[in-house]
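It should be emphasised that the depicted structure is a prediction, and the values quoted were computed from it without experimental measurement. Order of appearance sets the numbers: ligands from 1, and atoms from 1 within every ligand.
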Amino acid sequence: MTAVLRGVGVTKRFGGFTAVDDVDFAIEPGRTLGVVGESGSGKSTLGRIVMRLLTPDAGSVTLDGHNLFSMSRSTLRLARRMFQLVPQDPRNALNPAMTVGENLAFQLRAQGVPRNEWRARSADLLEMVSLTADYTHAYPHELSGGQAQRVAIGRAIASRPRLLVCDEAVSALDKSVQAQVLNTFADLQKQLGVAMFFITHDLAVVEHIADDLLVLNRGRVVESGETHSVLAAPADPYTQELLAARSVMHA
Ligand SMILES: Nc1ncnc2c1ncn2[C@@H]1O[C@H](COP(=O)(O)OP(=O)(O)OP(=O)(O)O)[C@@H](O)[C@H]1O
Ligand SMILES: [Mg+2]
């Protein structure tokens, strides 16, 4: 199957420091790539490159076979809808001065959805993220962290993207809420067939959500493959360490 997203030799330097070093990855439609590694390993830098917020110094990233960094303006305009970000803090995605309904309508409008469809489409989006239409009139600050994150996910899927980039999207949530939001991600993925680039420092989270795994250490891939095989028999000492740290936390 053709990958939705493919990176080859992706490299990013900040001054003399190499934050992302010759990284390869691919995500097929409807699958989730978990990107793990300790703080500073280059996860967010790679995510920002995938979101086209940073330009790599070497290597290429393709979305549905189109090079992200050399596509025409018109292709880029289309592609913009195809990839969406779910950030760690939903307050970064939602406008605090707008109600939930207005936030979703704003996004639908940006996608060219006619005004008379905004209300029904917003209600659909809320339902897809397991919130009721009652939340339409609430402001972001009136929501719990889990609810706000659900709205941010609803906003991200408004354009029916092919790819969601999630950067620590559940890390700020309590464990029980985290599990619920992860289930919402999994349900949406089944429904929409969206591919996910799922960044987290938490191996318990990737175990729950990721089909495949990319383990970074100081910007380099130290391990990759199907999640269950990587976690069952980590080949790299760094991954073994990560796993050991996780079992201590769970003890
Ligand atoms: N704009 C920048 N300028 C200089 N250095 C940067 C910049 N952005 C990131 N870095 C450095 O690149 C390295 C990787 O950072 P990055 O944010 O990608 O790590 P991360 O894996 O997301 O970490 P965390 O788990 O803490 O979010 C770090 O050493 C960071 O200080
Ligand atoms: Mg980060």
Side-chain angles (χ1 to χ4, degrees), residues 5-27 32-61 63 68-69 83-94 145 148-149 152-153 156 163-175 178 181-182 185 195-210 212-225 227 230-231 234 236-250:
L5 183 75
R6 183 183 297 280
V8 179
V10 179
T11 300
K12 181 70 193 175
R13 298 183 198 94
F14 296 113
F17 173 76
T18 306
V20 172
D21 195 356
D22 197 18
V23 170
D24 294 343
F25 56 89
I27 318 179
T32 297
L33 177 69
V35 181
V36 298
E38 67 188 22
S39 185
S41 56
K43 305 182 296 294
S44 294
T45 303
L46 190 58
R48 294 180 68 204
I49 290 170
V50 166
M51 284 301 299
R52 214 177 170 281
L53 298 169
L54 275 179
T55 309
D57 293 300
S60 71
V61 181
L63 186 70
L68 262 191
F69 298 94
F83 53 111
Q84 292 288 327
L85 178 71
V86 180
Q88 172 164 7
D89 186 348
R91 280 170 294 195
N92 289 336
L94 303 177
Q149 193 55 290
I153 296 167
L163 175 74
L164 284 182
V165 176
C166 307
D167 193 347
E168 305 282 5
V170 298
S171 303
L173 306 174
D174 291 346
K175 278 284 164 205
Q178 204 174 63
V181 174
L182 286 174
F185 271 117
M196 297 203 286
F197 186 95
F198 205 99
I199 297 169
T200 174
H201 65 277
D202 188 342
L203 279 179
V205 167
V206 286
E207 203 167 13
H208 195 116
I209 194 88
D212 303 291
L213 214 52
L214 192 70
V215 184
L216 296 180
N217 184 12
R218 300 176 190 212
R220 296 193 72 95
V221 177
V222 291
E223 191 135 41
S224 64
T227 303
V230 171
L231 295 185
D236 191 88
Y238 176 75
T239 317
Q240 290 165 0
E241 250 173 67
L242 274 181
L243 263 177
R246 185 201 59 154
S247 35
V248 168
M249 282 189 291
H250 281 224

- Donor-acceptor pair, side chain of Thr11 and main chain of Asp22, under 3.5 angstrom: yes
- Message: Using a 3.5 Å distance criterion without hydrogens, assess whether the side chain of Asp57 forms a donor-acceptor pair with backbone atoms of Arg13.
- Response: yes
Protein residue, atom and distance nearest to [atom], heavy-atom basis:
| atom | result |
| --- | --- |
| atom 3 (N) of ligand 1 | Phe14 CD2, 3.5 Å |
| atom 16 (P) of ligand 1 | Thr45 OG1, 3.6 Å |
| atom 26 (O) of ligand 1 | Ser39 OG, 2.5 Å |

- Task: Determine, counting only non-hydrogen atoms of the protein, whether one lies under 4.0 angstrom from atom 6 (C) of ligand 1.
- Result: yes
- Within a distance of under 4.0 Å, is there any protein heavy atom near atom 31 (O) of ligand 1? no
- Among Ser44, Gly40, Gly47, which one has a heavy atom closest to atom 14 (C) of ligand 1? Gly40
- Has Ser44 got an N, O or S atom lying less than 2.8 Å from the Mg ion (ligand 2)? yes
- Query: More than 12 foreign heavy atoms under 6.0 Å from CZ of Arg52: is that the case here?
  - Reply: yes
- Task: Please verify whether a non-hydrogen atom of Glu38 lies at under 4.0 Å from ligand 1.
- Result: yes
- Message: Is the distance between the ring centroids of Phe83 and Phe197 under 6.0 Å?
- Response: no
Which atoms form the tightest heavy-atom contact between [X] and [Y], and what is the distance?
| X | Y | result |
| --- | --- | --- |
| Leu216 | Ser41 | O-CB, 3.7 Å |
| Ser60 | Val10 | O-CG2, 3.6 Å |
| Leu68 | Val50 | CD1-O, 3.3 Å |

- Query: Under a 4.0 Å heavy-atom limit, does Lys43 contact ligand 1 with its side chain, its backbone, both, or neither?
  - Reply: both
- Pairwise side-chain contact, Leu213 with Leu231, heavy-atom cut-off 4.5 Å (strictly under): yes
- Message: Only heavy atoms of Ser41, strictly under 4.0 Å: list the atoms of ligand 1 that pass.
- Response: 19 (O), 21 (O)
- Under 3.5 Å: N/O of Gly42 near N/O of ligand 1: yes
